[in-house]
2 protein chains.
Amino acid sequence: MVVRRPVEPATPVTRDLLVAFKALADETRLRIFTLLTRQELCVCEIEEALGLPQSLVSNHLAVLRQAGLVRARRDETVARWVFYRADPEAVATLRQKWATLLEVKPAPGDRRRAEDVCRLRRP
Amino acid sequence: MVVRRPVEPATPVTRDLLVAFKALADETRLRIFTLLTRQELCVCEIEEALGLPQSLVSNHLAVLRQAGLVRARRDETVARWVFYRADPEAVATLRQKWATLLEVKPAPGDRRRAEDVCRLRRP
DNA sequence: TCATCATATCAGCCTTCACTGATATGATAC
DNA sequence: GTATCATATCAGTGAAGGCTGATATGATGA
């Protein structure tokens, strides 16, 4: 019987990256996200482009939205159309956090990671 | 009944990123990988640092290894020790492909993505 | 009002996958 | 040789998640 330490909430840097990785770790979502970095599209356009059923696309968009990777916007004139696009700020933040993770020194406030390293130093 | 287009193998850029995202879309593996970007460690050190059972750590290392994110090396003097480290080349490649994905124009050879965009242009 | 369009949500099915415990392999020490 | 250490692998279990089909919501148009 192995005693596991209680799972603490992940550190800020790790948590955000983890959310993004989970959201992009699916081929369909990665394709949708890639499309949305190029241009703003409504749901039906994505369906047509990828040849996927509506409910599936809508589900995947919800996942990407909850991960903060894309933003939804209702069309001003035709309110039933919802347009999605990749969130440029989220993308920039993600890129920075990815760089931070790969840095040599643990990022400030990244306690979980610091603890992991610290535990190695104890003989 | 919705007729789905046959799933073609993903494009080079997308495929590599997808493999990496899948490998890093797990909190335990992300912690292990983060540790290995800091220093080279053997399996038992990772176990101790994270407080996880041996088989679990070994399993996660196998996933990271198969994804090309880490490299294993047997110690020259004590051959039962296997040291792992993050693969710097893989990390660099990953960073570049991530940047490529976020570019406006589809990368050369990224046919799947080009097809997705093209299909949108057909009225 | 009624029908239709665009999107969201939900239940069920099925696959994938993280975790555990046990066993296998292979090197080192006695 | 036998015992132990370090690691890898495998079967079983339970949970998470992708996909589908149906339904719900809400806007638009006749």
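Everything numeric here is computed off the predicted structure, so don't read it as measured data.
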Just call it for [X]: base, sugar-phosphate, or nothing, with non-hydrogen atoms closer than 4.0 Å on any strand.
| X | answer |
| --- | --- |
| B:Asn59 | base |
| B:Arg29 | sugar-phosphate |
| B:Tyr84 | sugar-phosphate |

*asked:* With ring-ring contact (aromatic ring centres under 6.0 Å, His included) as the test, pick out the partner of B:Phe21 among A:Trp98, A:Phe21, A:Phe33.
replied: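 When ring-ring contact (aromatic ring centres under 6.0 Å, His included) is applied between B:Phe21 and each of A:Trp98, A:Phe21, A:Phe33, only A:Phe21 qualifies.
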Separation of [N] [atom2] from [X] [atom1] (nearest whole Å):
| X | N | atom1 | atom2 | answer |
| --- | --- | --- | --- | --- |
| A:Leu61 | D:dG18 | CG | P | 13 Å |
| A:Leu64 | C:dA8 | CG | C1' | 15 Å |
| A:His60 | C:dC10 | NE2 | P | 17 Å |
| B:Leu52 | C:dA18 | CG | P | 13 Å |
| A:Gln66 | C:dA8 | CD | P | 11 Å |
| A:Glu45 | C:dA6 | CD | P | 11 Å |
| A:Glu47 | C:dA6 | CD | P | 9 Å |
| A:Leu24 | D:dG18 | CG | P | 12 Å |

*Want to settle it: does B:Lys22 or B:Val78 sit nearer the 5' end of DNA chain C, counting the closest nucleotide to each?*
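Nearest nucleotide further toward 5': that of B:Lys22.
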*OP1, OP2 of C:dA8 versus side-chain N and O of A:Ser55: anything below 4.0 Å?*
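No, outside the criterion.
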*Could you tell me whether the phosphate oxygens of D:dC19, OP1 or OP2, come under 4.0 Å of any side-chain nitrogen or oxygen in A:Thr28?*
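Yes.
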Closest to side chain of [X], choosing from [options]:
| X | options | value |
| --- | --- | --- |
| B:Ser58 | D:dG18, D:dA27, D:dA8 | D:dA8 |
| B:Arg80 | C:dT7, D:dA6, C:dA6 | D:dA6 |
| A:Leu56 | D:dC19, C:dA18, C:dT7 | D:dC19 |
| A:Arg65 | C:dA18, C:dA8, D:dG18 | C:dA8 |
| A:Trp81 | C:dT7, C:dA8, D:dA8 | C:dT7 |

*asked:* When you measure only distances, ignoring hydrogens and angles, does the side chain of B:Gln54 come within 3.5 Å of the base of D:dA8 through a donor and an acceptor?
replied: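 For B:Gln54, whose side chain was compared with the base of D:dA8, there is a donor-acceptor pair (under 3.5 Å).
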*asked:* With a 6.0 Å cut-off (strictly less than), is the heavy-atom count around CZ of A:Arg71, excluding the residue itself, greater than 12?
replied: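 No, because the 6.0 Å sphere around CZ of A:Arg71 holds 12 heavy atoms or fewer from other groups.
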*For B:Glu76, does the CD atom sit with more than 12 other heavy atoms under 6.0 Å from it, leaving out its own atoms?*
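Yes, because the 6.0 Å sphere around CD of B:Glu76 holds more than 12 heavy atoms from other groups.
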_With heavy-atom distances below 4.5 Å as the criterion, would you say the side chains of A:Leu69 and A:Leu94 are in contact?_
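Side chain of A:Leu69 against side chain of A:Leu94, heavy atoms only: contact under 4.5 Å found.
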*So, are A:Glu40 and A:Arg73 salt-bridged, with charged N and O less than 4.0 Å apart?*
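Salt bridge flag = yes for A:Arg73 with A:Glu40.
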